[in-house]
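Remarks on the structure that follows.
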Amino acid sequence: MQTLKSSPPSGDRGMQALTNRSKILERKPMTFLESIYLWNILKGMMITFSHIFKKQPTIHYPEQTRPFSPVFRGLHVLNRDEEGRERCTACGLCAVACPAEAITMEAAERLPGEENLYREEKYAARYEINMLRCIFCGLCEEACPKDAIYLSETFTPASFTRESFIYGKKDLLIPDPVTKPAEFAAAKGIKN
Amino acid sequence: MTTLLAIDWALFTEKLILIVIIVFASLGIALYMTYGERKVAGILQDRPGPNRAGPFGIFQPFADGLKLIMKEEIIPNTSNKALFVLGPGLAMTAALMTCAVVPWGDHLEIFGRKVALQIADINVGILYVFAVVSVGVYGIMIGGWASNNKFSLLAALRGASQAISYELAMGLSLIAVLMTTGTLQLGEIVKQQMAPGHLWNIAYQPLAFIIFLVCAFAECNRTPFDLPEAESELNQGYHQEYSSMKLGFYLFSEYINMFISSAIMSTLFFGGYDVPFLNESLLSPNVAALVGIIALMAKIVFFIFLFMWVRWTVPRFRYDQLMNLGWKKLVPLALANMLITGAVILLWFNK
Ligand code: SF4
Ligand code: SF4
């Protein structure tokens, strides 16, 4: 009877151990040498000393960065289509989906002659994400019917003022693939 | 009358220069010990430690010091103001005073004049060290009491009782050493250990050294005996109410204490400025002195590393364990060591 052997003595409200992994502590009084502690301290010091020669796992941050997984949810980008037009149609679904209420926007109607700028007839004249509210859950990305918003593999840089954490369209929009292909590729990342 | 008042100006300036050098060297070393501590802590824990301020972070202590100086100086209005200011000053003074009797090297010969590298080779050297170390306890006591904060007060009480308990074992362990050396004069103790055919005192008194070492940890309030600063129980310990440079003085005096006790341990047990297997009398006195200082510094650095190494290995003792260890283990051991030493001297060497 394994469980019986490892279960604590009676008076323990009849609790039975669920596994046999529990370890019984022996509470012998310390011998004189143990009570001087020196030997055990010496053993501990040997362990810490061996750590001098261990490899440090530190990543020296600004110089080195940690590789992100391809599904990392970082800073948002507002996407453009192949012709460089903004995809967002200001439907507000992302703002509704956002559990942190970090997104606000103002819609505007596309005027004639702006077809090369906006893909849909309605577009976001103002689109703001408060990065201090955002919890980077990615629900906006999932809610968007137009593939307009994506979470990239970078994170929000540190700043000194609260205002600078409210990212507007000029911070979020990806560079135009037609007029600035190099920046577009850089923003997309080499992996994609 | 005139002869009584005559001052040996050369001696006076020589000692003054020596004092200034030693005080500033102690401060500088303590400054870099804070850096060393953080580096050692980092490396023992598989991380790099401070490495941003300058190459390898070597300007870190200045950044820390600057930070402390720039902080607001707060004196709580319920505190005893005079004593509140006196506390850190006393801790710092007591820490620095001990270096007066440590022989830092043999003598230099400058323009045919012998300049001893020791501020005062008084014949009660060790007793002086003990006396000054005991005064250091007042720094903690006064600081903790004057803050008018119950945590500080508790920490100060702990510090005082801990220091007194461990001073006892320390003194007893030293009596055994003094029986073999037959002198209290630190310069003389080093000279004995340097004499050919004579080993370092550690070879004759290993047990005394171990007891002394443990007690030195307790006297310097270093982990595992840093109960006066036990953050988990006492918030911060006796310097809870202190800020700015007054706090800096307390933290600093701890490092100076560590430096001085390393120096005392090297002097008493490890031959001071003696280089093993080297006959210093063959070298010219200035070279010998320089080699000696380097040797002593190497020993001190080793002990300082030991202090840090232990700190980052062993967790803090419980208070009853501390008292048990002090009174029930170390004091009897030291007494036994003393009696055995006495018996051996009496029976074998004193016929
Ligand atoms: S990632 Fe989540 S929290 Fe951030 S804006 Fe999108 S939906 Fe809101
Ligand atoms: S980003 Fe997508 S979901 Fe949000 S408003 Fe634009 S189109 Fe709608």
Side-chain angles (χ1 to χ4, degrees), chain A residues 8-9 12 21-69 72 74-75 131-132 136 153-162 164-165, chain B residues 36-52 55-57 169 173 206-207 209-215 217-218 222-225 302-303 305-318 320-334 336-337:
Chain A
D12 217 80
R21 279 187 305 237
S22 65
K23 210 172 144 191
I24 297 172
L25 278 182
E26 280 186 73
R27 292 213 173 261
K28 279 188 296 192
M30 287 195 277
T31 61
F32 185 74
L33 270 183
E34 277 175 336
S35 67
I36 297 263
Y37 301 108
L38 277 180
W39 175 242
N40 287 320
I41 287 177
L42 221 61
K43 275 202 289 191
M45 282 166 73
M46 281 300 123
I47 293 173
T48 39
F49 193 77
S50 72
H51 277 262
I52 293 180
F53 310 104
K54 283 245 171 83
K55 198 180 154 286
Q56 294 173 349
T58 310
I59 293 169
H60 296 260
Y61 166 59
E63 294 93 39
Q64 298 169 359
T65 44
R66 189 189 283 275
F68 290 132
S69 102
F72 182 82
L75 205 59
M131 292 301 169
L132 290 178
F136 300 97
E153 284 176 44
T154 53
F155 46 74
T156 328
S159 180
F160 288 106
T161 57
R162 281 167 185 275
S164 57
F165 284 104
Chain B
E37 171 109 270
R38 297 175 64 180
K39 254 325 200 213
V40 168
I43 289 168
L44 290 183
Q45 295 170 352
D46 298 344
R47 51 188 178 80
N51 64 352
R52 290 286 149 174
F56 303 106
S173 75
L207 187 59
F209 168 67
I210 290 171
I211 296 170
F212 192 91
L213 183 70
V214 174
C215 295
F217 275 89
R222 289 289 294 183
T223 332
F225 306 121
F302 170 75
F303 277 114
F305 175 70
L306 187 74
F307 270 104
M308 294 173 180
W309 184 8
V310 170
R311 170 166 182 189
W312 298 106
T313 303
V314 192
R316 187 179 296 128
F317 274 47
R318 229 168 43 214
D320 60 319
Q321 289 173 326
L322 174 91
M323 282 295 159
N324 263 336
L325 186 71
W327 287 99
K328 292 193 191 157
K329 305 284 153 36
L330 293 182
V331 169
L333 265 182
N337 187 41

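Here is how names work: the chains are called A, B, and so on, in the same order as the sequence lines, proteins then strands, and each is numbered from 1. Model, not experiment: these values are computed from the prediction. All heavy atoms count here, side chains included; hydrogens, waters and symmetry mates do not.
With chain A as partner, the option from B:V310, B:D46, B:T313 having the largest number of non-hydrogen pairs under 4.5 angstrom is B:D46.
By the neighbour-count criterion of 12 heavy atoms within 6.0 Å, atom CZ of B:F56 is sparsely surrounded, having that number or fewer from other residues, nucleotides or ligands.
In this structure, chain B has a heavy atom under 4.5 Å from the side chain of A:L38, while its backbone stays farther away. Contacts between B:I210 and chain A at a heavy-atom distance below 4.5 Å involve the side chain alone, from C-beta outward. Contacts between B:L325 and chain A at a heavy-atom distance below 4.5 Å involve the side chain alone, from C-beta outward. Neither the backbone nor the side chain of B:N324 comes within contact range of chain A, judged by heavy atoms closer than 4.5 Å.
Nearest heavy-atom pair across A:I41 and B:V314 is CG2-CG2, 3.7 Å. For the pair B:R47 and A:T58, the tightest heavy-atom approach, listed with the atom from each and the gap, is CA-OG1, 3.8 Å. Taking each heavy atom of B:P48 and A:H60 in turn, the nearest pair found is CG-CE1, 3.9 Å.
In this structure, B:W309 and A:F49 have tilted ring planes: the angle between them lies in the 30° to 60° band.
The structure places CD1 of B:I43 at 10.5 Å from CZ of A:F53, a figure rounded to the nearest 0.5 Å.
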